[in-house]
Number of protein chains: 2
Amino acid sequence: MVTAEPLVLIVDDETPIRRFLRLSLVGEGYRVVEAATAAEALERIVAQRPDVVILDLGLPDRDGLDLTREVREWSGVPIVVLSAREKENDKVAALEAGADDYLTKPFGIGELIARLRVALRHAALAEVPAGEAVFTTGDLKVDLVRRLVFVGEREVRLTPIEYRLLAVLVKHAGKVLTHRQLLHEVWGPEYGDENHYVRVYVAQLRRKLEVDSARPRYLRTEPGVGYRLTVG
Amino acid sequence: MVTAEPLVLIVDDETPIRRFLRLSLVGEGYRVVEAATAAEALERIVAQRPDVVILDLGLPDRDGLDLTREVREWSGVPIVVLSAREKENDKVAALEAGADDYLTKPFGIGELIARLRVALRHAALAEVPAGEAVFTTGDLKVDLVRRLVFVGEREVRLTPIEYRLLAVLVKHAGKVLTHRQLLHEVWGPEYGDENHYVRVYVAQLRRKLEVDSARPRYLRTEPGVGYRLTVG
DNA sequence: GGATGCCTTGACACTTCCTTGATGCCGAGC
DNA sequence: GCTCGGCATCAAGGAAGTGTCAAGGCATCC
């Protein structure tokens, strides 16, 4: 959930219900993908990595609880179950299977959205410790969570563009990134081939990060291609 | 949750209900403490640090939602709300106030226990012990429970907005918060991009908290991004 | 109804950053 | 040895972002 709006996967075999949910959620600012079957739901979860799943238990091809258990083997994505069954045992079974919430139909859309928000809140909390995202190579240390950069013990202050450029390089550390890729990731696709920007900022980064900027250790030039951030 | 069995705080003014819940929960292996009023509940939460709270909304001395909001200022302990009110608005309001779940009476004890387990699961994942209630960095001390702020020995008086702004920064201490995030957390999402508010109040906080507000030690500016509260 | 404290808003000085062009370096190819 | 293209560096100016002050409005409390 690094990016803008949370992505919700709606799993329900009835088109009108999916439609209704989609409209309501999009109106609240969420992004939405849909699945009509358990098989499709699995695909979508793997491929799109939604931030939360709304799961109707009455699927045609497979038991919803089963699906929940399988997903739980490899993913912690919050699952909010919808069901017509309101017996206590059904609720308990779903929650034990790994669901995070259970609403019985008919439910109010306001309540569903409020409970989705709770689920997202939980997911966001769980994410922080997992994302101990500190990249290290040599004396260079980049803490992507706190947005801090160190060379040895010294903290280095970077401007927004310098930091974004470094962050892109860190995310693809070891790989060569073309001037074009860097330009588009940092400045935006509308900048075309104005590679001069990249050069200027790589030079600035080197001045701030490298011991000897004439002999770069971290920010290596790949002549005719682009740049690479050394790993290890 | 360092020790063996999770500790549950039951907040309800009716003795028979507390008794019933206690017996059920002890039977499931939980440890239990009780509170009959909101004031008592606050004490218990501070003193005993329960792993989860069961909160009946109909308390004699104070509105339960209010209590929830106050607790949420300094603690992430899961709160499962019980209530006779089953209108959608009541549920939404409770969940927005910071509750993690909402059950309408009458409820099955099995469902309650299943939902408690879910709440504990989430708390365990979050791992962050909800942060200490007293945050300290350098000479700055922020007591989130008593809403008190000290610089060295001197108590600093803050206005409501100043305090909320500082509290948000404390909750994410060490991380950069964008102007937008701060604006939306403190003033509300409807304020869009009116970052001027944030600037004015950061300046005021600095005047009250920093020794040399031209050279801020605690409230650091991250140009082009936002602000960060220094840790350590 | 006067005093007080707080929030909002605007004006303005100040700082930092981005863009841009000029210039120099280096190696490859002729 | 010369030219040329890709790369590195520098610095100036304008643009954008930031810090500060203070007045006016509103509510609250004596």
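Below, chains carry the letters A, B, ... as their sequence lines are ordered, and counting in each starts from 1.
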* Under 4.0 Å between a side-chain N or O of R207(A) and OP1 or OP2 of dT9(D)? -> no

* Asked: Does the pair K171(A)/E185(A) count as a salt bridge with the N-to-O cut at 4.0 Å?
  -> no

* Structure fact -> Contacts of G226(A) and R199(B) projected onto DNA chain D by closest heavy atom; the upstream (5') one is G226(A)

* Asked: For R206(B) and dC21(D), what is the distance between atoms CZ and P respectively, to the nearest whole Å?
  -> 13 Å

* **Short N-O contact, E194(B) and R199(B), less than 4.0 angstrom** => no

* Spacing of H179(A) atom NE2 relative to dA8(D) atom C1', expressed in whole Å -> 11 Å

* Which of parallel (below 30°), tilted (30 to 60°) and perpendicular (above 60°) describes Y227(B) and H179(B)? -> perpendicular

* Asked: dC7(D) P sits how many Å from L205(A) CG, rounded?
  -> 17 Å

* Asked: Nucleotide by nucleotide, 5' to 3', does protein get under 4.0 Å of the base (B), only the sugar-phosphate (S), or neither (-) in nucleotides 14-30 of chain C, counting heavy atoms?
  -> --SSBBBBB--------

* Interatomic distance, N195(A) CG vs dA8(D) C1' [rounded to whole Å] -> 14 Å

* Is it true that D12(B) and R18(B) make a salt bridge, defined as a side-chain N closer than 4.0 Å to a carboxylate O? -> no

* Rounded to the nearest Å, what distance is computed from the OH atom of residue Y163(B) to the P atom of nucleotide dC6(C)? -> 16 Å

Could you tabulate the donor-acceptor pairs under 3.5 Å formed by side-chain atoms of residues 19-26 of chain A, not counting sequence neighbours?
from	atom 1	to	atom 2	distance (Å)
R22(A)	NE	E34(A)	OE2	2.3
S24(A)	OG	F20(A)	O	2.9

* Structure fact -> L183(B) CG to dT18(D) P, in whole Å, measures 13 Å

* Salt bridge check: are R72(B) and D100(B) linked by an N-O gap of less than 4.0 Å? -> yes

